[in-house]
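The sequence lines fix the lettering, A, B, ..., with proteins before strands; numbering per chain opens at 1.
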Amino acid sequence: MKLWGSGLVNGLRISMRNMRRGPITLQYPFEKLELPERARWTVVPLSDAQGVPVCTACGTCVKTCPDHVLALDVTTNEDRSKHINHFSYQLGACMMCGLCVEACPFSAIAMSHDYELARVDPDTLEYDLITDTPAYKPKREKPATPDAPAQPASASEGDAS
Amino acid sequence: MNPILVACLRVLAGLGLMLLNGVVLIYMLRKVLGHLHVRLGPMNVGWHGTVQTVADVLKLLTKEDPTPRAVDKALYFLAPAVVFIPSLAAYAALPFSKTWAMADLATGLLFTFGIMSLVPLGILMAGWSSANKWSLLGGMRAVGQQIAYEVPLLLSALPVVLMVGSLNLNDIVAAQDKLWFFIPQFPALLLFVVASLVELNQTPFDMSEAESELVAGFSSEYASMKFGLLFLSEFSNLFIMAGLTVTLFFGGWSLPFIPAQIQAGFAPIVFVAKTYLVIFFFMWIRGTFPRVRVDQLQQLGWKVLLPANLAWLLVTGVAVKLVEAVAR
Amino acid sequence: MTQDPNLTAPVGAAVSEGAYVPAQLPVGLRRVPSGVDEVTTEHLVVNFGPQHPSTHGVLRMIIEADGEEVVGAEMSIGYLHRGIEKLAEHRRYNALGTLMDRGDYTSGIHGELAAAMVTEKLLEIEVPEKAHWIRSLMGEVNRIASHLVWYGTFGLDAGAMGQFLYAVRDREDLLDILEAVSGSRMMFNYVRPGGVLADLPAGIDQKLRAFVDIFDVHIEEHDQLLGGNEIFQSRVHGVGVIDKQTAIGFGLTGANLRASGVGFDVRRDRPYAAYEKLDFTVPMATEGDCWARYAVRMEEMRQSVRMIRQCLDGMPEGDFTAKVPKVLRPPAGEAYAAVESPRGEWGVHLVSDGSDTPYRLRYRPPALYALQVVEAIMPGSLIADAIVTAGSVDLVLGEIDR
């Protein structure tokens, strides 16, 4: 049987020990942590060496996205090549699950490490990842997955269920 | 000099001291709690956040002061003043040094306790008039605990009075020039600290504010400087209680082994430093302990503290008489 | 109510000990007429929440108080309802984890794991050995993180503050580890049907070992800081007693059930992932009060540390995921899979109609059952006790409200 009150004294001792260990605070805007490699934040389009976005407008990501935050507006030219009018992204609704990046058969998008996402203007929460760019010519003739046919966004959003 | 002018100056000095103390103590609380909790506390306003409290006071002063529609207006507006004035008046008797006291009263100790016991009245007024269930519960708790602990608090100071034979705080300090009373009166010190923690609504007895139960207790409905006054008086009470602890048990403004002439120069500094050390201890407790339950608090007061106080008073009385007999 | 602590109570067996009689358990707002004890006092009906410092989210407790005593209580839930189960009907199978994360947001791995297991059951996917071990490892890491939140907020409910910050400090390290492994701090989306998203990253082994070495010291500190404190002990001993009958009758699981003297742990009694191969004990207590729940959870954290060490030592080589098609279309049918989440048995019941999205998904939120018990045992206690009782059963409103 311990003396009543010894626990209280011990508690004071422990909090003093923790005080002497020093603060762990990171003063955020002035100091920043390095994110681990796998950290998932905003979706960004990737480009090839020439700076051309490598998106082929296959629409796999649009179909995969659980929250329908990605949308593709594509026109198909006469020679069956595609032109991306808008590849839009609703940052405000994105939950950064990374499923679109996993699904992309051409590694055309990635999860960036940009975590400072506060916006002053709510309109800027939705923006285009790619605007008015011809779709990249895929190296392979056929997409890797069977269910990634080239489809405009309007058609793919409806059949997600 | 005109005695009225002197009195006015003394009141002003007390007011200034209280405000300054409040600002410093709030900053100290934030820093101490921050570091105890492996954080930093305020860092950005001024060097290490030193001006943060000043900024907060300015914010409180300039804030809109909304009054809930259902409050009892007279009491609602009176309550902060009723809480604030006693904690201001209680500074009067604190001896910062042999000569530095706003009023050198023959019954200084009694005066301080008496005036401090007005605080729960204001808290009850605040809780009652706010027309808020949480406030009401908080106010009732505050009154219940503070009335219950008046008795142990007074009784735990009595052994010291017995040893000194005076209620004058300067006499009490002077009697400790050989031996600080916390050595012979250690049980009384413990009892006094517990009872004063209750009187101060400090953790582990912060029933009337009990954040996890009553949101903010009696001060829930107060905003702007009315809240500021309630807040300020809390910290000023903290200083007074810590100052009393120092005066009664830690030799007040005196230091051992140093001749009185040298001490006189920096006695107020010594007193304030000692007081702040005691306050640091209170804050240390605040950062560590959980809260006692309402019924446990009352049981502790009536079933433990009161008998213990009486027993210790008896022991001290007998010892004092024995020492007197031996000396004679 | 004494029971051999090693005795396993298999499902169903415990209930057969005696048919549960819903005794005089006052559920809902029970109105006691004023003046029954010769004193006419007006009862105060107060709202705890939805915005209140100790509601663990957005729980609304309507408490009828006679002075400080609770005479009636009603839990009003649904303030965090997001329609997770309905949303799941429009999610592909490999995206179910994103929803489960948001159910119990302090232990996402367990939710994901249950969803993945139920999908695997329907598709009859064989999960590679390494994936099992990674799942167990991350599950235990997540369990400690979740228990630390509980530990901290339980102390906050009792009025202490230091332990919360110390617990969050330790949890921060765990979240860093979870982020390095899964890519996110809370919404992991890491456990997938067939395995896990990715192999453990390089260097995580040392990080975890370093953490558990420190945590061995810190857990004792945590235990002494709060559990060793006499004030805390007097606040929790004998408070909020849930006896065995009530616990079983209300369908309590997890640490709350084990604190009431019924030794049921999904990890041990219906093993999944790698738990069959791990050596751990299931802590038990028989008192059923807040102290018992506290003691059981603290011991569970120590056991989790043991399991993390075993997982790191015994991690097999091999694939981290089975070969699964990108779009899963399980055959029509239904299945149930359960995991031991930090709050209890987290089960997912899934009905498939053969398409790429579930026909119906329901999950069993263990904290919902705990909430109902709290509602039942609250009348008669003091307001302060009611807060502590609600804190002791570890409520997470995201999970309850769905």
Side-chain angles (χ1 to χ4, degrees), chain A residues 1-44 90-98 111-127, chain B residues 27-50 52 186-198 202-206 277-293 296-297 299-300 303-305 307-308 312:
Chain A
M1 188 67 197
K2 278 198 291 186
L3 186 68
W4 198 99
S6 60
L8 302 180
V9 177
N10 195 24
L12 288 175
R13 206 169 54 85
I14 289 170
S15 59
M16 182 51 73
R17 193 190 301 159
N18 277 310
M19 181 166 165
R20 287 215 311 273
R21 278 185 189 134
I24 56 157
T25 309
L26 202 77
Q27 293 187 279
Y28 159 61
F30 312 114
E31 311 166 66
K32 284 174 186 174
L33 273 182
E34 201 169 312
L35 292 182
E37 195 201 326
R38 287 181 188 173
R40 297 191 302 257
W41 290 93
T42 49
V43 177
V44 288
Q90 291 177 42
L91 173 61
C94 180
M95 59 179 176
M96 284 104 189
C97 63
M111 305 302 282
S112 73
H113 283 189
D114 175 20
Y115 57 88
E116 289 169 317
L117 305 174
R119 296 286 187 272
V120 180
D121 182 4
D123 292 342
T124 55
L125 284 174
E126 185 172 1
Y127 56 85
Chain B
Y27 175 70
M28 180 179 165
L29 176 75
R30 287 172 156 181
K31 275 296 186 189
V32 169
L33 279 190
H35 282 272
L36 270 177
H37 294 164
V38 292
R39 296 178 285 128
L40 285 168
M43 284 298 283
N44 287 330
V45 189
W47 182 79
H48 277 251
T50 29
Q52 181 74 52
F186 190 70
L189 171 66
L190 285 183
L191 297 167
F192 186 82
V193 165
V194 172
S196 55
L197 280 175
V198 181
Q202 281 269 354
T203 312
F205 308 105
D206 55 340
L277 274 179
V278 174
I279 291 174
F280 173 78
F281 180 70
F282 285 175
M283 288 174 178
W284 188 7
I285 288 179
R286 180 172 177 161
T288 310
F289 285 176
R291 188 182 308 114
V292 174
R293 209 170 54 203
Q296 290 168 347
L297 178 82
Q299 282 180 14
L300 180 72
K303 291 186 183 169
V304 180
L305 286 193
W312 183 248

Exercise. Please lay out, stage by stage, how Thr50(B) and Tyr27(B) fare under the test side chain to side chain contact (heavy atoms under 4.5 Å, CB included).
Key: CA-CA 7 Å; Thr50(B) 29; Tyr27(B) 175 70; 3.6 Å; yes

Exercise. Hey, could you give me the CZ/CG distance between Arg39(B) and Leu33(B), rounded to the nearest 0.5 Å?
Key: 7.0 Å

Quiz item: Do any of residues 187-194 of chain B have a heavy atom less than 4.5 Å from a heavy atom of chain A, and if so, which, in residue order?
Solution: none

Quiz prompt | Residue-level contacts of residues 22-32 of chain A with chain B, using a heavy-atom cutoff under 4.5 Å | solution = Gly22(A), Pro23(A), Ile24(A), Thr25(A), Gln27(A), Phe30(A)

Self-check item: Taking every non-hydrogen atom, the tightest pair across Leu33(A) and Tyr115(A)
Solution: O-OH, 4.3 Å

Quiz prompt | Phe186(B), CZ: over 12 other non-hydrogen atoms inside 6.0 angstrom | solution = no

Quiz item: For atom CD of Glu116(A), is the number of surrounding heavy atoms from other residues, nucleotides or ligands below 6.0 Å larger than 12?
Solution: yes

Self-check item: Residues forming a ring pair (Phe, Tyr, Trp, His ring centres under 6.0 Å) with Phe281(B), sequence neighbours excluded
Solution: none

Quiz prompt | Gap separating the CG atom of Leu36(B) from the CZ atom of Arg286(B), nearest 0.5 angstrom | solution = 11.5 Å

Exercise. Measure distances from Leu8(A) to the heavy atoms of chain B and classify the residue's part below 4.5 Å as side chain, backbone, both or neither.
Key: both

Quiz item: Is there a donor-acceptor pair under 3.5 Å between the side chain of Thr42(A) and the backbone N or O of Ser112(A)?
Solution: no

Quiz item: Of all residues at least two apart in sequence or in a different chain, which pass the side-chain contact (heavy atoms from CB on, under 4.5 Å) check with Arg17(A)?
Solution: Arg13(A), Arg21(A), Glu221(C)

Quiz item: With chain A, which of Ile285(B), Thr288(B), Asn44(B) has the greatest number of heavy-atom pairs at distances under 4.5 Å?
Solution: Thr288(B)

Practice problem: Answer yes or no: is there a side-chain heavy-atom contact under 4.5 Å between Leu117(A) and Leu91(A)? | Solution: yes

